[in-house]
Amino acid sequence: QVQLVESGGGLVRAGGSLRLSCAASGRTFSSYSMGWFRQAPGKEREFVSAIIWNSGGTYSVDSVEGRFTISGDRAKNTVYLQMNSLKPEDTANYYCAAAGSPSSWGTRAPKAYDFWGQGTQVTVSS
């Protein structure tokens, strides 16, 4: 089994920054892509950002473009999310996800991912 463990969440004021980390462990696993999703209370899980290792391509939801940056190390199955200029509407539980192969669901759908972390809470105060 593959485990994903997130860290780096916390409480920050609007305009501040946080850096989330996610590391995969467990059985030998080479991911095709890794991504971040978030879920606020009463809302559906929302795609935030993803990276496809082969191409190095990154994808982000419009609401975080220019503020959040995804990066990582494929060999270590580790992915980061640098979050700058945080806003109260960014408050959510942030989940890391990993896909073992390309999916017909694309990179933005939760169903495209095979493994999930437990989440790390990000709270942005106004």
Side-chain angles (χ1 to χ4, degrees):
Q1 185 64 299
V2 175
Q3 292 85 37
L4 301 180
V5 179
E6 305 99 334
S7 61
L11 173 64
V12 65
R13 290 193 176 190
S17 299
L18 285 173
R19 187 183 191 227
L20 305 184
S21 300
C22 172
S25 63
R27 65 171 174 85
T28 300
F29 172 66
S30 179
S31 59
Y32 166 76
S33 65
M34 294 184 74
W36 291 94
F37 288 74
R38 65 187 180 186
Q39 188 168 18
K43 295 188 177 182
E44 293 188 354
R45 191 164 296 190
E46 173 191 32
F47 169 77
V48 176
S49 191
I51 184 167
I52 297 177
W53 298 120
N54 284 350
S55 65
T58 60
Y59 306 86
S60 295
V61 67
D62 288 347
S63 60
V64 308
E65 280 283 3
R67 301 189 298 121
F68 292 9
T69 303
I70 189 170
S71 63
D73 185 332
R74 183 182 193 180
K76 296 181 179 180
N77 272 328
T78 300
V79 68
Y80 308 99
L81 187 67
Q82 178 65 44
M83 305 187 295
N84 299 327
S85 302
L86 282 160
K87 303 176 180 180
E89 51 263 43
D90 295 319
T91 295
N93 204 4
Y94 282 70
Y95 297 89
C96 173
S101 59
S103 170
S104 59
W105 293 100
T107 58
R108 298 171 184 261
K111 289 184 178 181
Y113 295 85
D114 304 300
F115 304 102
W116 291 84
Q118 293 299 308
T120 184
Q121 179 67 35
V122 171
T123 303
V124 185
S125 63
S126 57

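We're numbering straight along the sequence, starting at 1.
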Asks: At what distance, to the nearest 0.5 angstrom, does CD of Glu89 lie from OG of Ser63?
Replies: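 Rounded to the nearest 0.5 Å, the CD-OG separation comes to 8.5 Å.
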
Asks: Quick check: closest heavy atoms across Met34 and Ala98, and the distance to 0.1 Å?
Replies: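 Here Met34 and Ala98 meet closest at CG-CB, 4.0 Å.
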
Asks: If I compare all heavy atoms of Trp105 with all of Ala109, which pair ends up nearest, and what's the gap?
Replies: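 It is O-CB, 3.6 Å.
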
Asks: Does Arg67 use its side chain to pair, donor to acceptor, with the backbone of Ser85 at less than 3.5 Å?
Replies: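 Such a contact is found between Arg67 side chain and Ser85 backbone.
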
Asks: Rounded to the nearest 0.5 Å, how far does CD1 of Ile70 lie from CD1 of Ile52?
Replies: 10.0 Å

Asks: Work out which heavy atom in Gln118 is nearest to a heavy atom in Tyr95; give both atom names and the distance.
Replies: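 Taking Gln118 first and Tyr95 second, the nearest heavy atoms are O-CE2, 3.4 Å.
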
Asks: What are the two closest heavy atoms between Tyr59 and Arg108, and how far apart are they?
Replies: CB-NH2, 3.9 Å

Asks: With rounding to the nearest 0.5 angstrom, report the OG1 to CZ distance, Thr58 to Phe68.
Replies: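 Here the rounded value is 14.0 Å.
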
Asks: Counting distance only, does the side-chain N/O of Asn93 pair as donor-acceptor with the main-chain N or O of Thr120 below 3.5 Å?
Replies: yes

Asks: Return yes if some donor-acceptor pair links the side-chain N/O of Thr91 with the main-chain N/O of Val124 below 3.5 Å, else return no.
Replies: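 Yes, because the side chain of Thr91 sits within donor-acceptor range (under 3.5 Å) of the backbone of Val124.
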
Asks: Just so I know, are the side chains of Tyr32 and Ser103 near enough to count as touching, which here means a heavy-atom distance under 4.5 Å?
Replies: no

Asks: Please work out which of the three classes, parallel, tilted or perpendicular, describes the rings of Phe37 and Tyr113, given edges at 30° and 60°.
Replies: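 The rings of Tyr113 and Phe37 stand perpendicular, inter-plane angle above 60°.
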
Asks: Give me the atom names and distance for the closest heavy-atom approach of Ser60 to Val64.
Replies: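 Residues Ser60 and Val64, closest heavy atoms: CB-CG2, 3.9 Å.
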
Asks: Provide the closest heavy-atom pair for Gly106 versus Ala112 in the form atom of the first, atom of the second, distance.
Replies: O-CB, 3.0 Å

Asks: Is the side chain of Asn77 donor-acceptor paired with the backbone N or O of Ala24 at a distance under 3.5 Å, no angle test?
Replies: no

Asks: Calculate, to the nearest 0.5 Å, the distance between atoms CZ and CD belonging to Arg38 and Gln121 respectively.
Replies: 12.0 Å

Asks: Roughly how far apart are Ser126 OG and Arg13 CZ, rounded to 0.5 Å?
Replies: 10.0 Å

Asks: Side chains of Met83 and Asp90, heavy atoms from C-beta outward: is any pair under 4.5 Å?
Replies: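 Met83 vs Asp90: side chains apart.
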
Asks: Does the structure place the NZ or CZ of Arg19 under 6.0 Å from the centre of the six-membered ring of Tyr80, at an angle of no more than 45° from the ring's axis?
Replies: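 Yes, Arg19 sits over the ring of Tyr80.
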
Asks: Considering the options Ser30, Ser33, Ser31, which one meets the side-chain hydrogen bond (donor to acceptor under 3.5 Å, both in side chains) requirement together with Trp53?
Replies: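 For Trp53, the side-chain hydrogen bond (donor to acceptor under 3.5 Å, both in side chains) check succeeds only for Ser31.
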
Asks: Do Trp36 and Cys22 have side chains that get closer than 4.5 Å, going by heavy atoms?
Replies: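 With C-beta onward as the side chain, the pair touches.
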
Asks: Answer yes or no: is there a side-chain heavy-atom contact under 4.5 Å between Val2 and Asp114?
Replies: no

